[in-house]
Structure formats: C-alpha cells, structure tokens
Novice: 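Below: one structure in structure tokens.
Chain identifiers are assigned alphabetically (A, B, ...) following the order of the sequence lines, protein sequences preceding nucleic acid strands; residue numbering begins at 1 within each chain.
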Amino acid sequence: ETGVTQTPRHLVMGMTNKKSLKCEQHLGHNAMYWYKQSAKKPLELMFVYNFKEQTENNSVPSRFSPECPNSSHLFLHLHTLQPEDSALYLCASSQGTTNTGELFFGEGSRLTVL
Amino acid sequence: AQSVTQPDIHITVSEGASLELRCNYSYGATPYLFWYVQSPGQGLQLLLKYFSGDTLVQGIKGFEAEFKRSQSSFNLRKPSVHWSDAAEYFCAATSRSGYALNFGKGTSLLVTP
C-alpha cells in the first residue's frame, strides 16, 4: 500500500466513449502526476499538478483532459481515444515538485481502447 | 537530449546468484539518479537514489547502486538474488534544475530456481 489509490484498475472502452480515471493520495502531498506506461517504451510524463495548478503538459493530445480539484485528487478524463492509447496509466504524488522528492506511485489503471 | 538507457531488456539469474543491472545516462551535468522496481500488477517503488556524495548508495531490499561519473553509469547490484526480486527495474534521472523524471525502458528480471 503506497498511499496512492487508482480506480478503476481495468477499463475497456470504445473510441467514441467518454470515461475518467481517478487517483487519490492519502499522503498529504502537494504534487500529483499522470504517467503513461506502454509496452517497450519508457514511462512518459503526461501532466503535473502542484498545489492544484497544472505546471506541466507534456504535449499530450487534447483527448486526454486532466482535472485536479484539490491536492488529494486527480482525474484523467478520456474521450474519443485511439487504440494506440491503450496502456497502463500511472498516477504518482510527491511532497513537492522539487527533484529531490520521491515519487509514490499507484498501481495503475490498465486501459484498453477497442 | 537528456536520456536514460538500460541496455538489457531481459536478464535471467539463478536464485542466490549476484545481480547487476546496467544504467547509463546522457545529461550535460550530473543528474539526480534513481532506481525503481515494479512488481507484476503493481506501481513503481523507489529502491534507492543518488544526489551527491558517496558514490555507493544503499537501498531497500538489499540493493545497492554505484555512481560512476567517468562512465555516466548508475548500475544496480545485489549480492544474492531471491525469487521475490523478479520484477521490472527502471532507472530514472532528472536534471538538478528540473523535476520531471526521465525513465529508461526498464529491465525485466527473471529468477530461476
């Protein structure tokens, strides 16, 4: 148990569906992240939020829309996805966005786009 | 461009044998360096990190890593591998002025009886 909880753990959706991934951290951290993990590729940083403000958007397509209502919750809204978006989406949190901080990861949401 | 390279995609070792996983980085200046482990169906867990000072870093679960500036490497080692060490291992780096971690592609470790 890392203190970062992601739901759902598995999601199958069609290209025209709209769904959301949820992440909640119970660690009192200020920063939250979305990473994409695809087979045979390095983890890709998607979004960073620090004190609820988005500080990084790593050229992510607009079909991915993040939302951070407070420092403990992070969502990733999905719409009109493509099959190549199938991947494991990992949420992480840290005490701050300084590079000396450890990232705490959730177990991930496995997304399959049909 | 800044990058992290893990040359070995898969490694197989016998239980009780020693282990070394390789990691090389390409940064203008020495970055902060990390090793994470991901067990099947799990998120990533930090094993150890290097910021400065002693080049031999001790981590959790009996792992250690050695920073070698001359080789731009940060290899992970364990003297005696246990079956529970079978997992995916990721090396990561971040510049001292930034915060986004650059991850390598990972090395999958298989432990045989």
Novice: Chain B heavy atoms under 4.5 Å from A:L90: which part of the residue, side chain, backbone, both or neither?
Specialist: side chain

Novice: So, is the end of the B:K78 side chain (NZ or CZ) under 6.0 Å from the ring centre of B:F63 and within 45° of the ring's axis?
Specialist: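 Cation-pi check for B:K78 and B:F63: passes.
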
Novice: Given that the side chain runs from C-beta out, which part of B:Q6 has a heavy atom under 4.5 Å from chain A: side chain, backbone, both or neither?
Specialist: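 No part of B:Q6 comes within 4.5 Å of chain A.
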
Novice: Count the heavy atoms of every other residue, nucleotide or ligand shown that sit under 6.0 Å from CD1 of B:I9, and state whether that count exceeds 12.
Specialist: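 Incorrect, the count does not exceed 12.
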
Novice: Using the rule that two of Ile, Leu, Val, Met, Phe, Trp, Tyr join whenever any of their side-chain heavy atoms come within less than 4.5 Å, decide whether B:V4 and B:L101 are in one cluster.
Specialist: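 In one cluster: no.
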
Novice: Parallel, tilted or perpendicular for A:Y35 and B:F103, by the 30°/60° rule?
Specialist: perpendicular

Novice: So for A:R9, is it side chain, backbone, both, or neither that comes closer than 4.5 Å to the heavy atoms of chain B?
Specialist: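 Side chain only.
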
Novice: Can you say whether A:E44 sits under 4.5 Å from chain B via the side chain, the backbone, both, or neither, judging by heavy atoms?
Specialist: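 Interface part for A:E44: neither.
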
